[in-house]
Amino acid sequence: MNQISVIGAGLMGSQIALCAAFAGFKVHLYDVDEQRLQTSQQQLAKQMANYIKRGLFSQEQFDQANDNLILETSLSTAVEHADLVIEAIVEDLALKRNLFQQLDELAPPHAILATNSSMIVSSMLASSTTRPDQVCNIHFFNPVFLMAVVEVVKGAHTSNETAQAAVDFVTRIHKTPLLLQKEITGFIANRILTKVMEEAMFLLEEGVATVEEIDLACTKALNHPIGPFALMDLTGLDTAYAIQKTQFELEEDAKAPSPLLKEKLAHGQLGRKTGQGFYTYQ
């Protein structure tokens with residue numbers, strides 16, 4: 001496995017692409033929107049400048065990774081030589097199925113097609129391809145450079161060879177792979193995290209405590225590195241809403257997305273990226 005293609009230059013896709021480029025892979029980062037590609041490149045440079053300042057990486061490493069990263073607005077060019085394609089677009093099943101059908105036609109026959117989704121399991125996408133045995137989930141956590149674990153999910157359709165190749169890829173980018181032997185929405189970490197966020201939202205909506213107090217209880221009493229509201233702001237309230245909405249649609253006992261979360265989205269309050277979420281940011 002030498003060449004990686006990442007589809008979608010949003011918050012996660014751009015980080016996944018650069019992380020693979022850091023490990024020496026040639027990476028093609030595709031997005032239909034050229035402006036989004038340029039914006040993601042600027043955001044990555046800003047993020048890496050902070051990491052370099054903190055001594056986590058060197059400028060030389062970043063420069064080398066940039067040399068390995070190629071920005072693409074042509075899907076066919078982005079995946080024509082790919083050994084592994086990682087999809088990181090919005091959490092919309094219809095859009096993902098359409099994309100996987102295109103990837104199946106454009107990527108080489110040997111290429112593994114993976115989704116970064118934590119809620120849409122790969123069996124829901126594999127049927128839109130002619131290579132279901134080469135389809136799986138490879139789920140990264142945000143921020144990609146700082147989070148050590150990556151979940152690899154082997155569906156009933158996924159071959160042992162594909163699962164092992166995905167695990168090997170995760171190891172090669174210096175992450176710790178967690179291999180799930182069967183599909184379940186949310187996987188491990190997000191299933192636990194979702195319950196924490198649901199309870200935090202309930203406590204807030206019932207007027208039991210403030211955002212700050214609930215986050216403080218999680219960080220100081222439970223020793224979590226970040227509170228649930230601060231975490232939703234970090235990953236994006238639109239992402240949190242999309243996950244809750246997808247879970248509600250896919251699982252019988254799942255709760256509907258929080259009305260408060262929906263209200264914040266309606267006002268364009270998406271968290272850190274807009275300067276306003278549950279907290280206000282400069």
Side-chain angles (χ1 to χ4, degrees), residues 1 4-8 10-25 27 56 83-89 91 96 100 111-126 132-198 218 222-228 231-232 234-236 239-240 242-244 246-247 250-251 254:
M1 190 178 292
I4 311 298
S5 297
V6 179
I7 311 302
L11 176 68
M12 291 303 295
S14 57
Q15 290 184 83
I16 293 168
L18 189 60
C19 186
F22 256 85
F25 288 99
V27 184
L56 300 176
D83 300 308
L84 168 65
V85 182
I86 302 175
E87 168 270 315
I89 66 171
E91 292 290 85
K96 288 180 186 289
F100 268 69
I112 292 172
L113 307 181
T115 174
N116 181 57
S117 177
S118 64
M119 295 304 300
I120 297 176
V121 292
S122 67
S123 59
M124 302 175 74
L125 307 172
D133 60 315
Q134 294 165 230
V135 179
C136 67
N137 288 78
I138 302 179
H139 175 236
F140 290 79
F141 295 90
N142 182 47
V144 173
F145 282 94
L146 302 185
M147 302 299 280
V149 166
V150 176
E151 294 171 318
V152 175
V153 185
K154 179 182 182 295
H157 57 283
T158 309
S159 70
N160 292 331
E161 292 77 13
T162 295
Q164 186 58 54
V167 166
D168 291 344
F169 163 72
V170 171
T171 302
R172 285 180 62 184
I173 61 172
H174 313 298
K175 302 292 183 185
T176 301
L178 292 180
L179 178 60
L180 283 68
Q181 295 291 344
K182 60 190 298 185
E183 291 185 332
I184 183 169
T185 55
F187 312 149
I188 300 174
N190 276 353
R191 286 187 72 87
I192 297 171
L193 182 60
T194 297
K195 298 303 181 185
V196 173
M197 289 181 172
E198 281 182 3
C218 289
L222 302 180
N223 204 28
H224 291 186
I226 187 171
L231 180 58
M232 282 189 276
L234 177 63
T235 57
T239 300
I243 290 173
Q244 289 183 17
T246 302
Q247 190 171 25
L250 297 178
E251 296 186 4

Non-hydrogen atoms of M147 and K175 that approach each other most closely: O-NZ, 3.0 Å
Test side-chain contact (heavy atoms from CB on, under 4.5 Å) on V153 and H139; report intermediate values, then the result. CA-CA 8 Å; V153 185; H139 175 236; 5.9 Å; no
Check whether any side-chain heavy atom of F140 lies under 4.5 Å from a side-chain heavy atom of I86, and answer yes or no. yes
Go through S118 and N190 one step at a time and tell me if the side chain to side chain donor-acceptor pair (under 3.5 Å) criterion holds. CA-CA 7 Å; S118 64; N190 276 353; 3.0 Å; yes
Given side chains that start at C-beta, do those of F169 and L84 come closer than 4.5 Å, heavy atoms only? yes
Measure the shortest side-chain to side-chain distance between I16 and V27 over non-hydrogen atoms and say whether it is less than 4.5 angstrom. no
Any Lys/Arg nitrogen of E183 or K154 sitting under 4.0 Å from an Asp/Glu carboxylate oxygen of the other? no
For residues S122 and H157, determine if any side-chain heavy atom of one lies less than 4.5 Å from a side-chain heavy atom of the other. yes
Test log, rule side-chain contact (heavy atoms from CB on, under 4.5 Å), inputs K96 and E91: CA-CA 8 Å; K96 288 180 186 289; E91 292 290 85; 3.1 Å; yes
I138 side chain near V150 side chain, heavy-atom distance below 4.5 Å: yes
Test side chain to side chain donor-acceptor pair (under 3.5 Å) applied to N137 and E151, step by step: CA-CA 8 Å; N137 288 78; E151 294 171 318; over 6 Å; no
Run the numbers on Q164 and D168 for side chain to side chain donor-acceptor pair (under 3.5 Å), then give the verdict. CA-CA 6 Å; Q164 186 58 54; D168 291 344; 2.8 Å; yes
Any side-chain heavy atom of I112 sitting closer than 4.5 Å to one from V85? no
